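Values in this document were obtained by computation on a predicted structure and should not be read as measured data.
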Amino acid sequence: MITAREVELRAGARLLLEAATFQVSPGDKIGLVGRNGAGKTTLARVLAGEQLPATGQVTSRGSVGYLPQDTRTGDLDALALDRILSARGLDGLLAGMREAELQMAASDPGRRDAGVRRYGQLEERLSVLGGYAAEAEAASLSASLGLPQQVLRQPLRTLSGGQRRRVELARILFGGSDTLLLDEPTNHLDADSVSWLRDHLRAFRGGLIVISHDASLLGAVVNKVFHLDADRSVLDIYNLGWQAYLEQRETDARRRRRERMNAERQAAALQAQADKMRAKATKARAAQNMAKRAERLLAGVSADRAAERVAKLRFPVPAHCGKTPLTGQALSKSYGSLEVFTDVDVAVDRGARVVVLGLNGAGKTTLLRLLAGIEPPDTGAVVAGHGLRLGYYAQEHETLDVARTVLENMRSAAPDLAEGELRRILGSFLFSGDDVAKPVSVLSGGEKTRLALALLVVSGANVLLLDEPTNNLDPASRAEILSALRTYAGAIVLVTHDEGAVDALHPERVVLLPDGVEDAWSEDLVDLVALA
């Protein structure tokens with residue numbers, strides 16, 4: 001159980017949450033919602049014990065499993081299965097057993113005997129801890145999340161971003177924590193995995209807080225909703241399911257508007273009367289009292305909820321380029337013994353619309369990284385055509401320098417633009433005032449997405465490589481991106497699980513991985529987008 005008392009959250013000088021008191025008990029399935037930048041991720045980090053509140057106190061009884069948005073953690077040389085098993089401390093035992101196996105094969109008898117003894121000791125400890133059954137349990141859970149057995153035997157560094165995300169989610173679920181804090185758990189999951197996760201969370205008996213823009217997940221799982229209101233810096237608590245919450249929230253908004261209108265009407269009448277009375281010296285004190293009553297009336301009601309601000313995204317006017325600005329010829333890529341794809345050809349013509357489809361691990365992100373020049377191909381070549389200017393949006397935001405501030409990242413991307421113009425563009429992406437001085441490392445997933453897109457806007461790119469650009473975004477910001485996709489005049493190569501993004505793109509071509517088949521787009525392929 002988690003208890004929060006008078007918790008205040010701040011981002012620099014900006015107040016995110018004021019004096020919130022609540023608790024998370026076993027059986028509570030809480031949807032934590034609010035617009036991008038409201039402070040949801042900050043609150044999750046505080047509840048997980050990874051960050052301290054500005055004021056107030058958070059206490060927890062029992063274990064807490066926290067899935068952050070950025071899952072690039074852990075030893076990259078560790079096997080995926082060991083990473084999952086580490087949630088119960090079993091990874092060290094298995095690694096020790098593998099070392100003992102090597103020792104047992106030694107030519108020196110003393111070393112070989114020591115390896116046999118060590119292996120026996122470790123195996124006994126593993127058996128006591130239910131290690132072999134746990135291994136089978138972890139494998140079964142991973143398969144439900146779309147991670148096949150062969151992926152579990154690979155080092156983390158060889159996995160795609162989607163696979164890494166699934167490994168971390170599997171690790172948190174395998175850990176058996178009393179309370180789960182899941183920040184956008186459906187990112188990178190295909191339709192089958194989302195369906196399994198929905199059922200798993202619905203059956204979970206502990207406490208749960210989930211941050212998600214997936215309305216179907218929230219509708220199926222949550223029995224309470226915490227709405228973090230960015231305008232009022234308040235956590236509104238609804239002991240209701242998702243659909244009932246939506247209706248009640250709108251009712252509450254209408255009530256606050258009525259209360260505000262009534263208070264303003266009464267305050268205006270009192271102020272008018274006070275102004276008349278001030279003309280008479282004998283009634284000056286009474287006039288002053290009336291004015292104070294008017295102020296108290298207005299102070300006692302909530303301000304009207306401001307319309308939610310949305311990042312104003314317009315991709316750059318593309319620089320002039322040749323007929324085929326980007327080509328990939330006979331591209332192959334392997335990580336160790338794992339062959340991702342072989343002999344893939346891609347030709348991106350001026351203004352083309354290309355979708356890359358394939359199951360998780362088929363190499364979609366890898367292909368974009370090769371085309372972007374982030375990684376070299378094992379064979380083949382990436383050829384830049386005349387006038388190529390490339391813009392790359394990475395699903396894990398690797399293009400952002402987390403050690404620098406928001407403004408410093410923009411200045412690095414567009415050194416020729418004046419600071420005033422950089423600030424103006426950042427303002428259109430909802431980074432204003434002190435926000436531009438925030439280190440990228442403290443930004444939420446949605447804020448990192450907005451910043452990465454802002455970098456594309458100043459790039460002047462004529463070819464955009466977009467890897468899951470709608471992840472972590474609220475519905476209004478997602479709609480803005482889809483609108484920008486429709487109007488951009490340059491070429492786009494898109495990797496996504498979002499059917500709406502494909503619809504907005506109006507693709508002409510599709511590349512199917514890992515086989516590398518390139519073909520004309522067909523509406524028959526739409527159903528594969530969410531499944532891929």
Side-chain angles (χ1 to χ4, degrees), residues 2 4 7 9 11 14-25 27-48 66-69 179-187 189 194 197-198 201-202 204 207-256 302 305-311 430 443-450 470-481 498 500:
I2 300 175
V7 167
L9 303 180
R14 181 163 65 95
L15 179 66
L16 298 175
L17 180 62
E18 183 177 15
T21 296
F22 58 88
Q23 69 178 32
V24 184
S25 301
D28 286 345
K29 308 286 180 64
I30 299 165
L32 177 56
V33 299
R35 71 184 186 216
N36 285 140
K40 304 184 298 295
T41 292
T42 301
L43 179 57
R45 287 175 56 83
V46 167
L47 296 179
Y66 173 48
L67 177 74
Q69 283 187 17
T179 305
L180 298 178
L181 301 176
L182 307 180
D183 198 344
E184 298 290 0
T186 59
N187 277 0
L189 296 188
V194 171
L197 178 65
R198 194 183 302 138
L201 295 180
R202 196 160 41 201
F204 179 62
L208 168 69
I209 294 181
V210 59
I211 300 171
S212 180
H213 292 112
D214 186 335
S216 64
L217 177 75
L218 296 170
V221 172
V222 307
N223 54 29
K224 293 184 179 182
V225 178
F226 288 1
H227 175 245
L228 210 170
D229 191 318
D231 298 314
R232 295 159 52 231
S233 302
V234 167
L235 191 69
D236 292 321
I237 296 176
Y238 294 83
N239 293 310
L240 302 167
W242 179 247
Q243 194 57 46
Y245 148 75
L246 293 175
E247 296 168 3
Q248 186 60 49
R249 182 185 168 197
E250 192 53 43
T251 299
D252 289 347
R254 288 196 298 268
R255 173 182 52 77
R256 282 195 290 267
S302 299
R305 191 172 76 205
E308 292 194 355
R309 297 171 63 213
V310 178
L430 311 187
L443 299 183
S444 70
E447 288 173 318
K448 287 178 180 175
T449 294
R450 293 205 310 268
T470 58
N471 277 355
N472 304 319
L473 291 177
D474 56 50
S477 298
R478 173 181 172 275
E480 184 71 13
I481 285 187
D498 185 343

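- Between A44 and L181, the shortest heavy-atom distance links the atoms O-CD1, 3.6 Å.
- Going from atom CG of N239 over to atom CD of Q248 covers 11.0 Å, rounded to the nearest 0.5 Å.
- Every residue two or more places apart in sequence or in another chain that forms a side chain to side chain donor-acceptor pair (under 3.5 Å) with E184 is listed here: H213.
- Residues R198 and V221 approach most closely at O-CG2, 3.7 Å, considering heavy atoms.
- Here the CG-OG distance, from L9 to S233, works out to 10.0 Å after rounding to the nearest 0.5 Å.
- The minimum heavy-atom distance linking D231 with D229 is given by the pair N-OD1, 2.9 Å.
- Here the rule is ring-ring contact (aromatic ring centres under 6.0 Å, His included) with Y238, and of Y245, F226, F22 only Y245 fits it.
- Annotation: the span from L43 atom CG to I211 atom CD1 amounts to 7.0 Å, rounded to 0.5 Å.
- Within the 3.5 Å criterion, the main-chain N or O of H227 finds no donor-acceptor partner in the side chain of K40.
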Side chain to side chain contact (heavy atoms under 4.5 Å, CB included) for L16 and T42? Distances and angles first, verdict last. CA-CA 9 Å; L16 298 175; T42 301; 4.2 Å; yes

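- At distances below 3.5 Å, at least one donor-acceptor pair connects side-chain atoms of S444 with backbone N or O atoms of E447.
- Inspection of the S216 and D214 side chains reveals an N or O donor paired with an N or O acceptor under 3.5 Å.
- Judged purely by atom type and a 3.5 angstrom limit, N223 uses its side chain to pair as donor or acceptor with the backbone of K29.
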With side chain to side chain contact (heavy atoms under 4.5 Å, CB included) as the criterion, how do V210 and L32 come out once you've worked through the C-alpha distance, each side chain's angles and the decisive distance to 0.1 Å? CA-CA 6 Å; V210 59; L32 177 56; over 6 Å; no

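- Using a 4.5 Å cut-off on side-chain heavy atoms (C-beta onward), E247 and L240 make no contact.
- How far CD1 of I2 is from CD of Q23: 10.5 Å, rounded to the nearest 0.5 Å.
- Inter-residue side-chain proximity for I209 and L47 is flagged as met; some heavy-atom pair is nearer than 4.5 Å.
- Residue R232 forms a side chain to side chain contact (heavy atoms under 4.5 Å, CB included) with just one option from V234, L228, L235, and that option is V234.
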